[in-house]
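Sequence lines set the chain letters: A, B, ... in the order given, protein chains first and strands last, and positions in each chain run from 1. These values consider heavy atoms only, across backbone and side chains, with no hydrogens, waters or symmetry-generated copies.
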Protein chains: 2
Amino acid sequence: MDRISENCPVDDALGVLVGKWKHMILLYLLQEGTKRFNELKRMMPGITQKMLTKQLRELEDEGIIERKVYAQVPPKVEYSITEYGRSLEPVLEAMHEWGAKHTMQKDMQQGENKSS
Amino acid sequence: MDRISENCPVDDALGVLVGKWKHMILLYLLQEGTKRFNELKRMMPGITQKMLTKQLRELEDEGIIERKVYAQVPPKVEYSITEYGRSLEPVLEAMHEWGAKHTMQKDMQQGENKSS
DNA sequence: CTGCATCCCCCTTGATACTG
DNA sequence: CAGTATCAAGGGGGATGCAG
C-alpha cells in the first residue's frame with residue numbers, strides 16, 4: 001500500500017465501529033458466538049435496551065451481524081456475526097493490540113525513571 | 001490472541017481515531033510528513049480553524065503528533081507524527097483495507113446479478 | 001499565519017414507561 | 001423476553017469574530 005487516503009475508506013471502517021457499544025457487541029459475538037438479546041444486555045452493564053437495540057440494528061443494517069427471530073411465546077431473538085462481519089476481526093485485532101501497548105506505555109511512564 | 005475484550009483496549013484506539021477529521025490528519029501527516037497549519041487546512045476542504053486546532057490539540061495531547069512552534073513574525077507552526085503516532089499505522093491500514101473491500105462489495109451487489 | 005472565544009445546532013446517548 | 005415511544009441532556013461539530 002502506497003497511499004492510504006485516496007478516498008478515505010478508513011471512514012467506512014470507522015463509521016461501522018463508532019458507537020459507544022458497537023465494538024463491544026462485536027467483540028462478544030466474535031468471541032462467544034450467537035447470543036440472545038438479554039445475554040448481550042447482561043454482558044454490558046450500563047447499556048439500555050434502547051441503545052442495545054439501536055446499535056444492534058445499525059450493525060445489522062451494515063450486514064455485520066445477523067438477527068434471527070424465533071416465533072415463540074417467550075420471544076427469542078439471537079444475534080450472530082455474519083461472514084462479512086468476521087472480516088472486521090483484523091481491524092479489531094489491530095486496534096486491540098495498539099490499545100494494549102498504549103495502556104502499557106502510559107503505565108510505564110510512572111516507573112521507568114525510578115528503575116533501580 | 002485468545003480474547004480481545006478483557007478490558008477493551010479497543011476503546012483506546014477508537015478514542016484516538018474518532019473525530020470527524022482526526023484520521024484524515026493522521027493519514028496526511030503519515031504520508032506527507034511535516035505540515036504547517038494552513039497546509040493541513042487546505043488539504044481538508046470544509047474544515048474550520050476551530051476544528052483543525054481542536055483535533056490537532058487532542059492528537060497532540062495523546063502524544064500522537066508533535067507541534068513545533070517557530071518564533072517568527074509570521075507565525076509558523078508545524079505538525080508531524082511522533083514515533084508513537086506512527087505505531088497507529090497498522091491500525092489505519094487495517095481499517096483502510098477493510099473499508100476498500102467494503103466499498104467494493106457494495107458496488108458489486110449492483111452488477112453481479114446482471115453478469116452476462 | 002495561527003489560534004482562541006462565543007454562540008448555536010443537531011445528533012447521540014440516556015431514563016423511563018409502555019406493548020406484543 | 002424483546003422492542004418501541006417519548007422526553008431530556010450533553011457534547012461534538014460548525015460559523016463567525018477577535019487577538020498575538
What integer distance in Å separates [X]:[atom1] from [N]:[atom2]?
X: A:Ile25; N: C:dT13; atom1: CD1; atom2: P; value: 11 Å
X: A:Ile47; N: D:dG3; atom1: CD1; atom2: C1'; value: 14 Å
X: A:Glu39; N: D:dC1; atom1: CD; atom2: P; value: 11 Å
X: A:Leu40; N: D:dG3; atom1: CG; atom2: C1'; value: 14 Å
X: B:Met51; N: C:dC4; atom1: CE; atom2: C1'; value: 14 Å
X: B:Lys54; N: C:dC4; atom1: NZ; atom2: P; value: 13 Å
X: B:Phe37; N: D:dA19; atom1: CZ; atom2: P; value: 18 Å
X: A:Lys35; N: D:dA2; atom1: NZ; atom2: P; value: 12 Å

Taking B:Leu29 as the fixed residue, which of B:Leu59, B:Ile81, B:Thr82 is the one that meets the side-chain contact (heavy atoms from CB on, under 4.5 Å) rule?
-> B:Ile81
Just how far is it from atom CG of A:Leu40 to atom CH2 of A:Trp21, taken to the nearest 0.5 Å?
-> 12.0 Å
Shortest non-hydrogen contact from [X] to [Y]?
X: A:Ala100; Y: B:Pro9; answer: N-CB, 3.5 Å
X: A:Arg36; Y: A:Pro75; answer: NH2-O, 3.3 Å
X: A:Lys22; Y: A:Val16; answer: CD-O, 3.1 Å

Within the structure, does a side-chain N or O atom of A:Arg36 lie under 4.0 Å from either OP1 or OP2 of D:dC1?
-> no
State whether B:Gln55 places a side-chain N or O below 4.0 Å from either non-bridging phosphate oxygen (OP1 or OP2) of D:dG12.
-> no
Check DNA chain C against residues 56-82 of chain A and give the residues with a non-hydrogen atom under 4.0 Å, in numerical order.
-> A:Pro75
Does A:Arg42 come within less than 4.0 Å of A:Glu39, counting only side-chain N to carboxylate O?
-> no
So do B:Met44 and B:Met51 actually touch side chain to side chain, heavy atoms under 4.5 Å?
-> no
Any side-chain heavy-atom pair of B:Cys8 and A:Leu27 under 4.5 Å | yes
Which nucleotide in the set D:dA2, D:dG13, C:dT2 lies at the smallest distance from any side-chain heavy atom of B:Lys20?
-> D:dG13
Could you check which of D:dC1, C:dT12, D:dT4 has an atom nearest any side-chain atom of A:Asn38?
-> D:dC1
Can you tell me if CD on B:Glu83 sees more than 12 non-hydrogen neighbours from other groups inside 6.0 Å?
-> no
Any protein N or O atoms within reach of nucleotides 16-18 of chain D? Criterion: under 3.5 Å, listing atom names and distances.
none

